[in-house]
Structure formats: C-alpha cells, structure tokens
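Below is one structure, written out as structure tokens, with a few remarks after it.
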Amino acid sequence: KFTFNTVILSFTKTKSMAEAQKCFQEMTELKIKPDVVTYGTLINGFCNVGAVSNAIAMFEKIIKGGFTPNIHTYTSMVNALCKMRRLDDAKKLFHDMVSKGYVPNSVTYNVLIDGYCKHGHIDDALKLKKLMAAKGLKPNVFTYCTLIDGICKVGMVSQAYEIFEEMIANECHPNIVTYSSLINGLCKAGKVDEAAKIFEEMIKQGQAPDVFTYSCLIDGYCKEGMLEKAQSLLKEMSSKGCIPN
RNA sequence: GCAGGUAACAGAA
C-alpha cells in the first residue's frame, strides 16, 4: 500500500493523472485497500491539474462509500475550490468541515486566506489570520507570504510592508518567497528604489535571490526605463550562478 | 499484533 501510495504521488507530481489512475486501479485489482492517503493524493493530483470536477467526484465517492476524509482531504478540496475561483463553495466546505468536528490546521487557514486574497478580500483574509491566531495557530511563513502578495496586488504596498514588519517582529523569518513578493509589489507600484533596498536586505540576511527575484527587479527597472540597472542585474545573476530563463 | 516510513498551502514574465 505504501509503495503504491508513493508511486501514485510521483505520478501526481509530474501531473500524469492518467498514470496515477492506472496505478490506483492496479492496486485495487491486487486487492490492496487504498487508504485515506491514497485518496488524498489522487484528489490533490486532480486539483493540481485543474480537474476539480474529478476531485469532487472522488471526494463524494469516498464519502458515499463510508470512507472518512481527514483534514488533508478537506484542505485539498478547499484549496481546489479556491483555485477554481469558487470561493463561496470553498467557504461552505470549510464550515461544513468545522461543523463536523474537524479542526482546521495552519495549511487549511492558509489556503482559505490565499483564496480571499486572490479575490481581493483582504479584510476577510486578515480576519481569518486573527481567527487562526485566536485558535492558537501561529501565522507561519506561508501565511505571511500569502498576505504580503495579496495585499500588494490590491495596490496597498505600504500595508503589505507593515505585515512584513509584523512577521519579523513575530520572529517568523522571511524567506525567498516573502522577499520576492514584496520586491514584486514595490516594483509594480513604481517603487524600484525601495525594492532594491529590500533586495540588498535579503542578501544581507543570507537569502540568495532566485530567477523569480531577479525577474521582478529586472522588470521593475525596465518599466522605469532604467535599462543599465536592468542589464547589470542580468549580468550579476549569471555571475552568481542563477541562470536566466 | 504493535510502532515507523507516504498525501494538503505562498512569489516573476
């Protein structure tokens, strides 16, 4: 069973859902009982290729079959619905889940926070962050990255920066995604100089910029017409072993 | 038989 689960997971990671399903079938033919992980892996796999209807079908099938989903299963489904822009359905499932006695963990909150952010519902996202804190779940790097990106994207870069400061004050260490999101936000707001400062800061903090980080800043410089800066960054990234794509 | 190992969240163009 563990072997099959691992193989199925590999197929879902390479987005080969046909292979994953074949593997699942093979496993049942061998009378090996799929478990909650097997179903969870498949559901998440379907979600990641945008086949949310397959995910929902499988979710309903296992429930009808008397199988008990766990928090991972629900979280995957909530995430899928959010990514499909079906925020209301996602919220509904979240509440169903809670009313059935499941306790959302930080990933569950994070996916819903991301859903709210991607819809521009920043107030609701922040409320959810408060709620998770009230439940004793500390916002983590994912929570902060999600919020910083979301808040930047509704054009409230200075508020995003406040969240960034809050995360540092709460001893949650910014990572490459945090810095890149903030740099992107600042660049898109035309604040390339500030973005460059954050870029320096991240290096000072021992976080090596990657292709995403460089792309954000290079794009920022280009859009401001600062082409020399853009070119020197392009050179710099190659010299630091970060291959431009 | 027991224990352990497997699945869910964030960034650019």
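In what follows, chains carry the letters A, B, and so on, assigned in the order in which the sequence lines appear, proteins first and then strands, with residues in each chain numbered from 1.
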A:Y74 and A:F59: aromatic ring centres closer than 6.0 Å?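 Between A:F59 and A:Y74, which both carry aromatic rings, the centre distance is below 6.0 Å.
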Can you check whether A:Y39 and A:F67 have ring centres sitting under 6.0 Å from each other?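 Close enough - the centres of the two rings lie under 6.0 Å apart.
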Looking at [N], does its base get a donor-acceptor pair with the side chain of [X] below 3.5 Å?
{"X": "A:S181", "N": "B:rG11", "result": "no"}
{"X": "A:S215", "N": "B:rA12", "result": "yes"}
{"X": "A:N245", "N": "B:rA13", "result": "no"}
{"X": "A:N110", "N": "B:rA8", "result": "no"}

Quick check on [N]: is either OP1 or OP2 less than 4.0 Å from any side-chain nitrogen or oxygen of [X]?
{"X": "A:K83", "N": "B:rA10", "value": "yes"}
{"X": "A:K153", "N": "B:rA10", "value": "no"}
{"X": "A:K188", "N": "B:rA13", "value": "yes"}

Whole-Å gap separating [atom2] ([N]) and [atom1] ([X]):
{"X": "A:L9", "N": "B:rU6", "atom1": "CG", "atom2": "P", "result": "11 Å"}
{"X": "A:L186", "N": "B:rG11", "atom1": "CG", "atom2": "C1'", "result": "13 Å"}
{"X": "A:Y116", "N": "B:rC9", "atom1": "OH", "atom2": "P", "result": "20 Å"}
{"X": "A:F46", "N": "B:rA8", "atom1": "CZ", "atom2": "P", "result": "16 Å"}
{"X": "A:I62", "N": "B:rA8", "atom1": "CD1", "atom2": "C1'", "result": "13 Å"}
{"X": "A:L182", "N": "B:rG11", "atom1": "CG", "atom2": "C1'", "result": "11 Å"}
{"X": "A:Y109", "N": "B:rA10", "atom1": "OH", "atom2": "C1'", "result": "18 Å"}
{"X": "A:F24", "N": "B:rA7", "atom1": "CZ", "atom2": "C1'", "result": "14 Å"}

Using a heavy-atom cut-off of under 4.0 Å over every strand shown, decide if [X] touches base, sugar-phosphate, or nothing.
{"X": "A:K118", "answer": "sugar-phosphate"}
{"X": "A:I43", "answer": "nothing"}
{"X": "A:V36", "answer": "base"}
{"X": "A:V37", "answer": "base"}
{"X": "A:N184", "answer": "sugar-phosphate"}

Candidate nucleotides [options], ranked by approach to the side chain of [X] - the nearest:
{"X": "A:D219", "options": "B:rG11, B:rA8, B:rA13", "value": "B:rA13"}
{"X": "A:C216", "options": "B:rA12, B:rA10, B:rA7", "value": "B:rA12"}
{"X": "A:N48", "options": "B:rG11, B:rA7, B:rC9", "value": "B:rC9"}
{"X": "A:N5", "options": "B:rC9, B:rU6, B:rA12", "value": "B:rU6"}
{"X": "A:N175", "options": "B:rA7, B:rG11, B:rA10", "value": "B:rA10"}

So that I can tick it off, tell me whether [Y] and [X] are bridged by a salt bridge, with the cut-off set at under 4.0 angstrom between side-chain N and carboxylate O.
{"X": "A:K223", "Y": "A:D219", "value": "yes"}
{"X": "A:K127", "Y": "A:D123", "value": "no"}
{"X": "A:D149", "Y": "A:K153", "value": "yes"}

Check whether A:N110 reaches the backbone of A:S106 with its side chain - one donor and one acceptor, N or O, closer than 3.5 Å.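 Pair found, side chain donor or acceptor close to backbone of A:S106.
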Any donor-acceptor pair under 3.5 Å from A:S180 side chain to A:V177 backbone: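 No; zero donor-acceptor contacts below 3.5 Å.
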Quick check: is A:L112 connected to A:I122 through a chain of hydrophobic side chains (ILVMFWY, heavy atoms under 4.5 Å apart)?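 A:I122 clusters together with A:L112.
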Within residues 124-148 of chain A, residues whose heavy atoms come under 4.0 Å of RNA chain B: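 RNA chain B contact set from residues 124-148 of chain A: A:F142, A:C145, A:T146.
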If we check side chain to side chain contact (heavy atoms under 4.5 Å, CB included) with A:F199, which of these qualifies: A:T213, A:L186, A:L182?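 Testing each of A:T213, A:L186, A:L182 against A:F199, the sole residue satisfying side chain to side chain contact (heavy atoms under 4.5 Å, CB included) is A:T213.
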